[in-house]
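Hydrogens, waters and symmetry mates are skipped; everything else that's a heavy atom, side chains included, is used.
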Amino acid sequence: MKDLKLYDAEFKFAEIVWENEPIGSGALAKLCLERLGWKRTTTYTVLKKLASRGILQNENAVVTSLVTKEAVLRYESRAVMNKTFGGSLPTFLASFLDGGQLTEQEAETIKRMIDEHREGLK
């Protein structure tokens, strides 16, 4: 599996791309200056780094993503679960729920997700 770990600044940068793609590299640099306070050189350095890792691409000065935001979030969630909870979803959920409360709507949404997953296994 591809390493999709993004540090905070990289994630914020990728979010700008996800929200605006396809986007010209010059327009991206302007957005990064406005939103992140980055100079053009910083933008291009981070773009080059994420392109070399296969997360973004810059073809003919047009930047697009090669990986979806959802894929990055899924990767990050699993990494936290593996690192902190030994890869156990039940242990993660027990820790998450300890002292907290789910709303009825949240509980129903989770139940529906589990039911849909079970149906997909049949």
Side-chain angles (χ1 to χ4, degrees):
M1 177 182 220
K2 182 189 282 191
D3 179 6
L4 300 180
K5 168 71 177 148
L6 295 181
Y7 295 95
D8 289 342
E10 293 172 336
F11 186 82
K12 288 175 185 174
F13 177 75
E15 274 192 312
I16 293 171
V17 174
W18 288 319
E19 291 168 5
N20 296 283
E21 68 180 318
I23 183 169
S25 57
L28 178 59
K30 287 179 186 174
L31 279 175
C32 287
L33 177 62
E34 291 170 15
R35 294 190 191 177
L36 305 174
W38 289 3
K39 294 181 180 180
R40 183 176 296 270
T41 53
T42 303
T43 296
Y44 290 136
T45 299
V46 175
L47 175 57
K48 184 176 179 178
K49 180 179 178 183
L50 294 182
S52 73
R53 291 176 44 206
I55 294 170
L56 301 177
Q57 71 177 357
N58 184 8
E59 297 266 330
N60 301 316
V62 176
V63 180
T64 55
S65 64
L66 297 172
V67 176
T68 65
K69 180 178 181 177
E70 292 73 21
V72 170
L73 293 175
R74 215 171 16 256
Y75 177 88
E76 294 278 356
S77 298
R78 289 182 192 264
V80 167
M81 191 173 63
N82 288 334
K83 177 181 176 186
T84 311
F85 301 98
S88 170
L89 182 58
T91 303
F92 168 78
L93 288 173
S95 176
F96 179 78
L97 294 173
D98 186 31
Q101 292 182 339
L102 287 179
T103 66
E104 188 64 33
Q105 183 178 1
E106 290 170 328
E108 280 301 315
T109 299
I110 292 170
K111 181 182 180 312
R112 186 173 56 251
M113 291 169 66
I114 292 169
D115 290 344
E116 288 171 2
H117 179 74
R118 283 183 177 152
E119 286 298 315
L121 295 176
K122 292 181 180 178

| Taking all atoms of both residues into account, what is the closest heavy-atom pair of Glu10 and Lys5, and its distance? | OE1-O, 4.0 Å

| message | For Asp8, I'd like to know if atom CG has over 12 heavy atoms of other residues, nucleotides or ligands within 6.0 Å. | response | no

| task | Give the minimum heavy-atom separation between Asn20 and Arg35, together with the two atoms involved. | result | ND2-NH2, 4.1 Å

| said: As an exercise, state the distance from CG of Leu28 to CZ of Phe13, rounded to the nearest 0.5 Å. | reply: 4.5 Å

| For the residue pair Leu4 and Glu76, what are the closest heavy atoms and their distance? | O-OE2, 3.9 Å

Could you tabulate the donor-acceptor pairs under 3.5 Å formed by side-chain atoms of residues 61-73, not counting sequence neighbours?
unit_1: Thr64; atom_1: OG1; unit_2: Gln57; atom_2: NE2; d: 3.1
unit_1: Ser65; atom_1: OG; unit_2: Glu21; atom_2: OE1; d: 3.0
unit_1: Ser65; atom_1: OG; unit_2: Glu21; atom_2: OE2; d: 2.8
unit_1: Thr68; atom_1: OG1; unit_2: Ala71; atom_2: N; d: 3.0
unit_1: Lys69; atom_1: NZ; unit_2: Glu15; atom_2: OE2; d: 2.9

| CD1 on Ile110 to CD on Glu108, rounded to 0.5 Å | 10.0 Å

| task | Evaluate the side-chain contact (heavy atoms from CB on, under 4.5 Å) criterion for residues Ile114 and Lys111: first the C-alpha distance (whole Å), next the side-chain angles of each, then the deciding distance (0.1 Å), finally the verdict. | result | CA-CA 5 Å; Ile114 292 169; Lys111 181 182 180 312; 5.8 Å; no

| query | More than 12 heavy atoms of other residues, nucleotides or ligands under 6.0 Å from CD of Glu19: is that the case? | reply | yes

| remark: Lys12 and Leu36 have their tightest heavy-atom pair at CB-CD2, 3.9 Å

| Which hydrophobic side chains are connected to Phe92, either touching it within the sub-4.5 Å cutoff or through other members that do? | Met81, Phe85, Leu89, Leu93

| Can you tell me how far CG of Leu121 sits from CD of Glu116, rounded to the nearest 0.5 angstrom? | 12.0 Å

| message | Under the side chain to side chain contact (heavy atoms under 4.5 Å, CB included) test against Leu50, which residue among Ile55, Val17, Thr45 passes? | response | Ile55

| message | Testing the basics here: between Trp18 and Leu6, what is the closest heavy-atom pair and its distance to 0.1 Å? | response | CH2-CD1, 4.2 Å

| request: Please tell me if the side chains of Cys32 and Ile16 come closer than 4.5 Å, counting only heavy atoms from C-beta onward. | output: yes

| said: Could you check whether Lys48 makes a cation-pi contact with Tyr44, meaning its NZ or CZ is under 6.0 Å from the centre of the six-membered ring and within 45° of the ring axis? | reply: no

